[in-house]
Protein chains: 2
Amino acid sequence: MDGGVSRPARTSPGRVTPDRIPQATVARLAVYLRVLTEMLAEGVRTVSSDVLAAAAGVNAAKLRKDLSHIGSSGVRGVGYDVSRLTEQVESVLGLTRSHAVALVGVGNLGHALAGYGGFAQRGFGVAALFDVDPELVGTTIAGVEVLDVAQIPRVCAARGVTIGMVATPAAAAQQVCDAMVGAGVRSILNFAPAVLSVPAGVEVRKVDLAVEMQILAFHVSRRPDGTIPDATEKVYG
Amino acid sequence: MDGGVSRPARTSPGRVTPDRIPQATVARLAVYLRVLTEMLAEGVRTVSSDVLAAAAGVNAAKLRKDLSHIGSSGVRGVGYDVSRLTEQVESVLGLTRSHAVALVGVGNLGHALAGYGGFAQRGFGVAALFDVDPELVGTTIAGVEVLDVAQIPRVCAARGVTIGMVATPAAAAQQVCDAMVGAGVRSILNFAPAVLSVPAGVEVRKVDLAVEMQILAFHVSRRPDGTIPDATEKVYG
DNA sequence: TGTTGTGAAAACCTTCACAGCG
DNA sequence: CGCTGTGAAGGTTTTCACAACA
């Protein structure tokens with residue numbers, strides 16, 4: 001994608017397909033962005049794929065291929081302009097606009113999520129909080145009032161919520177999800193240990209602590225002794 | 001694998017390799033386990049791959065292949081014995097033993113994690129809590145005393161911690177990680193927005209809220225209108 | 001019959017290695 | 001010279017489709 005026309009590919013005659021970006025790449029772009037932001041704050045102007053890849057914990061060739069998908073333009077023999085690349089990644093991830101987030105379930109975990117500072121930082125404003133518990137409804141968390149779940153359809157639609165977070169018990173998750181989808185929410189982050197079924201066109205991602213722990217448990221039990229499978233140093237995001 | 005010897009493959013002459021289980025499969029086994037547990041509680045005795053797959057939000061063929069990796073034994077024309085399969089999956093995931101977990105950083109998120117009930121439920125006991133903040137050190141959360149991070153090496157080793165959770169700010173994460181690895185911890189769940197570098201043989205998994213949100217943002221911005229890319233109903237874990 | 005287990009094909013992702021350019 | 005961008009190779013994961021079997 002070297003210098004010429006930046007977004008070549010299309011698939012069907014009327015619809016421009018901006019060179020489909022692989023799922024795996026999208027997930028890593030978010031990681032690169034964090035590293036780039038840090039570098040920018042430190043005053044770094046230019047970075048090579050080697051250095052950026054190391055900081056992000058990935059292979060350099062993979063990073064270059066990822067960037068090639070977003071039509072990046074590094075300079076051979078030099079590297080990437082940190083500032084320019086940051087903007088490109090932000091643009092691709094849709095972070096140039098802000099996103100109104102609704103969080104349902106302000107119990108243990110939900111409360112922590114509502115108070116998490118990293119949100120507003122990146123243009124994700126907590127636009128609404130919901131719960132069923134009458135004890136919690138009416139209270140204020142991080143400056144936002146907790147509303148009754150019955151208000152989900154009305155409030156999500158009114159406040160233009162684009163991303164919903166489900167932090168309810170498993171039993172309530174599907175119902176809450178349906179309410180949000182009905183209100184036009186198209187992207188949901190699910191913390192409840194339940195499978196959500198949604199109509200096509202709605203994106204669900206899941207964060208499941210129990211699953212993560214069990215994957216780690218698997219690896220623990222594979223190495224009862226102190227065997228070291230490989231001698232190279234590994235880096236993880 | 002049908003009926004005969006259950007774990008055939010080996011690779012090197014002295015070391016039995018129990019038929020390497022793909023990463024992707026391990027992650028899904030944890031999901032199947034949750035569904036199986038629910039079914040067991042409901043008194044379901046037998047389940048087909050179709051039904052189990054639907055409940056877990058995956059393709060039936062994929063589920064069968066996953067189960068084939070753990071040497072499962074369903075009955076043709078009937079399905080899987082829920083109770084037996086549950087035990088098999090638990091065994092493969094290493095959940096027959098309990099795991100001592102240490103959590104470092106009991107701020108906003110860490111506090112919520114410490115109080116999260118789903119832990120003990122599955123044999124993950126919170127064996128130790130740590131923080132730097134003198135205000136927090138000495139307090140008790142969910143029945144466990146918060147200790148100073150300086151105690152990490154001694155206490156983790158003494159209490160036989162096998163899984164560590166890092167819920168500190170990014171700047172402290174690597175240091176905390178090093179301390180745990182030094183104490184013999186081989187599996188780490190990282191909530192801090194930082195890349196951890198660890199010696200080979202240590203497994204790190206990462207949960208990053210900001211990354212998840214940005215992936216969703218990407219999908220939001222790909223669908224500014226109400227286009228529905230595909231007509232089939234989708235199910236997500 | 002109904003359902004599993006599994007080869008084979010397809011899709012997807014990663015890594016290598018180097019031409020090409022600044 | 002150093003570094004990017006990428007074709008090609010290699011690996012992993014998903015899906016298909018059907019033989020085998022209770």
Rounded to whole Å, how long is the line connecting atom [atom1] of [X] with atom [atom2] of [N]?
X	N	atom1	atom2	result
Ile21(A)	dC13(C)	CD1	P	12 Å
Asn59(A)	dG11(D)	CG	P	15 Å
Asp50(A)	dC1(D)	CG	C1'	15 Å
Leu67(B)	dT15(D)	CG	P	15 Å
Gln23(B)	dC13(C)	CD	P	16 Å
His69(A)	dT4(D)	NE2	C1'	15 Å
Asp66(B)	dT15(D)	CG	C1'	12 Å
Leu63(A)	dC16(C)	CG	C1'	16 Å

Nearest of [options] to any side-chain atom of [X]?
X	options	value
Pro22(A)	dT14(D), dG5(D), dC13(C)	dC13(C)
Ala61(B)	dA17(D), dG5(D), dT13(D)	dA17(D)
Lys65(B)	dT4(C), dG2(D), dT15(D)	dT15(D)

> So with a 6.0 Å cut-off around CD of Glu38(B), is the heavy-atom count from everything else above 12?
Replying inline: yes

> Can you find a heavy atom in the side chain of Leu63(B) that is under 4.5 Å from one in the side chain of Tyr32(B)?
Replying inline: yes

> If we only count heavy atoms from C-beta on, is the Phe191(B) to Leu209(A) side-chain gap below 4.5 Å?
Replying inline: yes

Between [N] and [X], is there an OP1 or OP2 to side-chain N/O distance shorter than 4.0 Å?
X	N	value
Ser49(A)	dT4(D)	yes
Tyr80(B)	dA22(D)	no
Arg28(A)	dT14(C)	yes
Arg20(A)	dA11(C)	no
Ser72(A)	dG5(D)	yes

>> Does Val82(A) form a side-chain contact (heavy atoms from CB on, under 4.5 Å) with Arg45(A)? I'd like the steps, not just the answer.
In response: CA-CA 5 Å; Val82(A) 174; Arg45(A) 308 297 282 260; 5.9 Å; no

> Starting at the 5' end of DNA chain C and moving along, which residue's nearest nucleotide shows up first, Val78(A) or Lys62(A)?
Replying inline: Lys62(A)

>> Using a 3.5 Å distance criterion without hydrogens, assess whether the side chain of Gln174(B) forms a donor-acceptor pair with backbone atoms of Ser197(B).
In response: yes

> For the side chain of Arg76(B) and the base of dT3(C), is some donor closer than 3.5 Å to an acceptor across the two?
Replying inline: no

